[in-house]
Amino acid sequence: MNDPLELAQALIARQSVTPNDAGCQEVIAERLATAGFTIEHLPFGSVSNLWARTGEGAPLVVFAGHTDVVPPGPEDAWTNPPFKPTIRDGHLYGRGAADMKGALASMISAAEDFKPRSGSLAFLITSDEEGEARDGTAHVVEELTSRGVAIDYCVIGEASSRERLGDMIRHGRRGSLHGRLIVHGIQGHVAYPELARNPVHAALPALTELVEVQWDDGGEHFPPTSLQISNMHSGTGADNVIPGRAEVSFNFRYSAASNVETLQTRVETLLKEHGLDYSLEWREGGRPFLTQPGALTEAVARAVHAETGYEPELSTGGGTSDGRFIAPAGAAVVELGPVNASIHQVDERVSIDDLPRLARIYRQILEELLA
C-alpha cells in the first residue's frame, strides 16, 4: 500500500471550507481512476459529490466521507497556518487532518491496489457534510436508489476513536431535532410592569420543566434522550425596558425509543400547560439509525484487533453523520476513523503513525467482506 501521508497533506493544503471542495475530489478521482475505478462526478447546487466504483455485483462495500471542513477560526490562533500541513511531534497538523482528510487518504491507500474477488467497492465522497448536508450524501443516495444501486456495507471515515486508534466503532447515531421558540410578551418600562408582560418571566418555569423531563430510558444501544438549550436572547439592550419577546433555541439528541412526532407533541403540550403565548419552529437534523452487531461490525472489530491487539467498543454516541442518509436505504453502516480529540479545534491534528495503521485496518475489512 502507498503511504497515505502525502495524500493527506495534499488534501489539507486545499481550503475546502464547507461546501467548497477546492479541488480535493479531483485529486482523489485521479488516484482512483489510475487504480481502475470508474469515476462519476455528481455536483448538485454548490456541492461537489464523487461516486467511484470498481468490481461488479454484490456485496457492494462503500467507503464514505467528506472533503469539506469547518472554518478554521482566527488563523493567528493556530501554531501554523491551518491550511499549511505541518508535521510536528509525530502529528500532522492542519484543518481537516482528523475530520476527515486523514481517513480519506487512508481509505484510498487501502483501496488503490485492491481488486475485489467478489462483489464491488465504491467511494461516496461529498463536500456537504459539515454544512447544511442537503445536496451531498443525501442527494447521491437518492440518485443511486433511483438507479437500483443497493449499498450492502458502508464504512464512514469519521473520527470515531476516543483515546487511541480503533478503540471505538460507531454503529449508529442518535437523532437530532432543533427547536426555535419565541415567547411573546408586551414591551414596557421596568417601573410599570403592570402595563407590560415579561416573556422571560413567563418562559422560565416552562424551560425549567423542559430540561428536567425524562424523555425516555434509551435502550440497549442508545443512551436516554436529552434536551439542551443552546441559545437564549431577549432585551433591547436598555436596562430599563421590559422586552417584548424572548427567543430560545434548543436541541434534542434522541434515541430510537422516541420519535420526532412524539417529542414535538410533548413539548407543545407542556408550553400550552404553562399558558405561554408562543411560536415554535422545528428543524430535523437527522433520525436515529442503528446497525445491529453482525457481519460488518464483526469484520471491523477483527481488523482493529489484528492491527492494535485490543477489542473496540461499540457506541452510538456523538453527533450526527452522513450515516443517517445511507442506513435508511438498507445498508449496514459503521464509522471508524482517527482519534477525535482535536476535531473542529485550533491545531487540529492526527498521528502520522495512525494513518498507515488505519489504512491497514481498512484493507483488512475489504479482504473480509470482498473475499
Notebook entry, point to check: Going hydrophobic residue to hydrophobic residue with side-chain gaps under 4.5 angstrom, can you get from L121 over to W51?
Noted result: no
Check: Does atom NE2 of H189 have more than 12 heavy-atom neighbours from other groups under 6.0 Å away?
Finding: yes
Check: Do any pairs count as a ring pair (Phe, Tyr, Trp, His ring centres under 6.0 Å) and have a residue in residues 126-165, sequence neighbours left out, and if so which ones?
Finding: F44-H139
Checklist line | Validation row: F123, I28 side chains within 4.5 angstrom (heavy atoms) | finding: no
Note to self: For the CD1 atom of I108 and the CD atom of E112, what is their distance to the nearest 0.5 Å?
What the structure shows: 7.0 Å
Notebook entry, point to check: Atom CG of L207 and atom CG of L181: how far apart are they, to the nearest 0.5 Å?
Noted result: 6.5 Å
Next item on the list: Report the C-alpha separation of D21 and R14 in whole Å, then their side-chain angles, then the decisive distance to 0.1 Å, and conclude whether the salt bridge (Lys or Arg N to Asp or Glu O under 4.0 Å) test is met.
Entry: CA-CA 8 Å; D21 172 68; R14 295 178 177 269; over 6 Å; no
Notebook entry, point to check: Is D354 paired with R164 through a side-chain N to carboxylate O contact shorter than 4.0 Å?
Noted result: no
Checklist line | S315 side chain vs M168 backbone, donor-acceptor pair below 3.5 Å | finding: no
Note to self: Show, in sequence, the C-alpha distance, side-chain angles and deciding distance for H184 and S279, and conclude whether the side chain to side chain donor-acceptor pair (under 3.5 Å) test is met.
What the structure shows: CA-CA 8 Å; H184 304 286; S279 54; 3.3 Å; yes
Notebook entry, point to check: Under a 4.0 Å N-O cut-off, is there an ion pair linking E247 with R245?
Noted result: yes
Check: Within a strict 4.5 Å, meaning less than it, do heavy atoms of the E158 and R170 side chains meet?
Finding: no
Notebook entry, point to check: Is the count of non-hydrogen atoms from other residues, nucleotides or ligands lying under 6.0 Å from N240 atom CG greater than 12?
Noted result: yes
Checklist line | Side chain S146, main chain E143, donor-acceptor under 3.5 Å | finding: yes
Note to self: Apply side chain to side chain donor-acceptor pair (under 3.5 Å) to residues D99 and H344 and explain how you reach the verdict.
What the structure shows: CA-CA 8 Å; D99 186 16; H344 291 208; 3.1 Å; yes
Note to self: Working note: W282 + F250, criterion ring-ring contact (aromatic ring centres under 6.0 Å, His included); need CA distance, chi angles, decisive distance, verdict.
What the structure shows: CA-CA 10 Å; W282 295 100; F250 59 90; 5.7 Å; yes
Item checked: Stepwise salt bridge (Lys or Arg N to Asp or Glu O under 4.0 Å) check, R363 with D113 -> CA-CA 10 Å; R363 179 59 174 263; D113 63 351; 2.6 Å; yes
Note to self: Nearest 0.5 angstrom please: I352 CD1 to D89 CG, how far?
What the structure shows: 10.0 Å
Note to self: Any non-hydrogen side-chain atom of I169 less than 4.5 Å from a side-chain atom of T297?
What the structure shows: no
Next item on the list: Report yes if some heavy atom in the side chain of S46 is under 4.5 Å from a heavy atom in the side chain of P19; otherwise report no.
Entry: yes
Item checked: Check: D68 side chain, T18 main-chain N or O, donor-acceptor pair, under 3.5 Å -> no
Next item on the list: Indicate yes or no: at least one non-hydrogen side-chain atom of H91 is less than 4.5 angstrom from one of V350.
Entry: no
Notebook entry, point to check: According to a 4.5 Å side-chain heavy-atom criterion applied to Ile, Leu, Val, Met, Phe, Trp and Tyr, with indirect links allowed, do V260 and V267 form part of one hydrophobic cluster?
Noted result: yes
Item checked: Carboxylate-amine/guanidinium proximity below 4.0 Å for K115 and E367 -> no
Check: Should we say atom CD of E6 is surrounded by more than 12 heavy atoms from elsewhere, each under 6.0 Å from it?
Finding: no
Item checked: T145 versus A329, closest heavy-atom pair with distance -> OG1-CB, 4.5 Å
Check: Looking only at heavy atoms, what is the nearest atom pair of E348 and G96, with distance?
Finding: OE1-N, 2.9 Å
Next item on the list: Kindly determine whether E56 and R117 satisfy salt bridge (Lys or Arg N to Asp or Glu O under 4.0 Å), including the steps that lead there.
Entry: CA-CA 10 Å; E56 296 292 338; R117 292 185 289 277; over 6 Å; no
Margin query: Hydrophobic clusters here meaning ILVMFWY residues chained together by side-chain heavy-atom distances under 4.5 Å, can you tell me if V155 and L124 are in one?
Written below: no
Check: Would a 4.5 Å heavy-atom cut-off, applied to side chains only, mark T38 and T54 as touching?
Finding: no
Margin query: Tell me whether E30 at atom CD has more than 12 heavy atoms from other residues, nucleotides or ligands lying less than 6.0 Å away.
Written below: no
Distance-only donor-acceptor pairs under 3.5 Å for side chains of residues 334-342, two or more places apart:
| from | atom 1 | to | atom 2 | distance (Å) |
| --- | --- | --- | --- | --- |
| E335 | OE1 | R173 | NE | 3.1 |
| E335 | OE1 | R173 | NH2 | 2.4 |
| E335 | OE2 | R173 | NE | 3.0 |
| E335 | OE2 | S321 | OG | 2.5 |
| N340 | ND2 | A159 | O | 3.3 |
| N340 | ND2 | S161 | O | 3.4 |
| S342 | OG | R349 | N | 3.0 |
| S342 | OG | R349 | O | 3.1 |

Next item on the list: Mark yes or no for whether S258, through its side chain, and Y254, through its backbone, hold a donor-acceptor pair below 3.5 Å.
Entry: no
Item checked: Side-chain donor/acceptor of T137 to backbone N/O of A133, under 3.5 Å -> no
Next item on the list: Supply the atom-to-atom distance N231 CG to S249 OG, rounded to the nearest 0.5 angstrom.
Entry: 5.0 Å
Checklist line | side chain to side chain donor-acceptor pair (under 3.5 Å) between D216 and S255, worked out | finding: CA-CA 8 Å; D216 59 44; S255 76; 3.2 Å; yes
Notebook entry, point to check: Does the pair R95/D347 count as a salt bridge with the N-to-O cut at 4.0 Å?
Noted result: no
Margin query: Please find the pair of heavy atoms, one from L355 and one from L92, that lie closest to each other, and give the distance.
Written below: CD1-CD2, 4.4 Å
Margin query: With no hydrogens and no angle check, just 3.5 Å: does a side-chain donor-acceptor pair link H66 and S127?
Written below: no
Note to self: Strictly below 4.0 Å, N to O, side chains only: are R266 and E209 in salt-bridge contact?
What the structure shows: no
Next item on the list: Would you give the length of the straight line joining atom CD1 of I125 to atom CG of D322, rounded to the nearest 0.5 angstrom?
Entry: 12.0 Å
Notebook entry, point to check: Which heavy atom of V141 sits nearest a heavy atom of F325, and at what distance?
Noted result: CG1-O, 3.6 Å
Notebook entry, point to check: What pair of heavy atoms forms the shortest contact from L5 to I87, and how long is it?
Noted result: CD2-CD1, 3.9 Å
Margin query: Looking at every heavy atom in both G157 and A103, which two are closest together, and how far apart are they?
Written below: O-CB, 3.2 Å
Notebook entry, point to check: If we only count heavy atoms from C-beta on, is the R180 to L280 side-chain gap below 4.5 Å?
Noted result: no
Note to self: Counting only heavy atoms not in E132 (residues, nucleotides, ligands), do more than 12 fall under 6.0 Å from its CD?
What the structure shows: no
Next item on the list: Could you walk me through whether L177 and R287 pass side-chain contact (heavy atoms from CB on, under 4.5 Å), step by step?
Entry: CA-CA 8 Å; L177 178 64; R287 302 210 169 188; over 6 Å; no
Notebook entry, point to check: Is it true that F114 and L7 fall in one hydrophobic cluster, defined by side-chain heavy atoms closer than 4.5 Å?
Noted result: yes
Item checked: Test item: T126 and T67 side chains (from C-beta on) under 4.5 Å apart, heavy atoms -> no
Next item on the list: Could you grab the distance from atom CG of L104 to atom CD of Q25, nearest 0.5 Å is fine?
Entry: 9.0 Å
Margin query: Grouping I, L, V, M, F, W and Y whenever their side-chain heavy atoms are under 4.5 Å apart, do V241 and M232 come out in a common cluster?
Written below: no
Notebook entry, point to check: Do we get R88 above Y93's six-membered ring, with its NZ or CZ under 6.0 Å from the centre and within 45° of the axis?
Noted result: yes
Check: Stepwise, does the side-chain contact (heavy atoms from CB on, under 4.5 Å) test hold for L263 with L227?
Finding: CA-CA 10 Å; L263 294 173; L227 178 148; over 6 Å; no
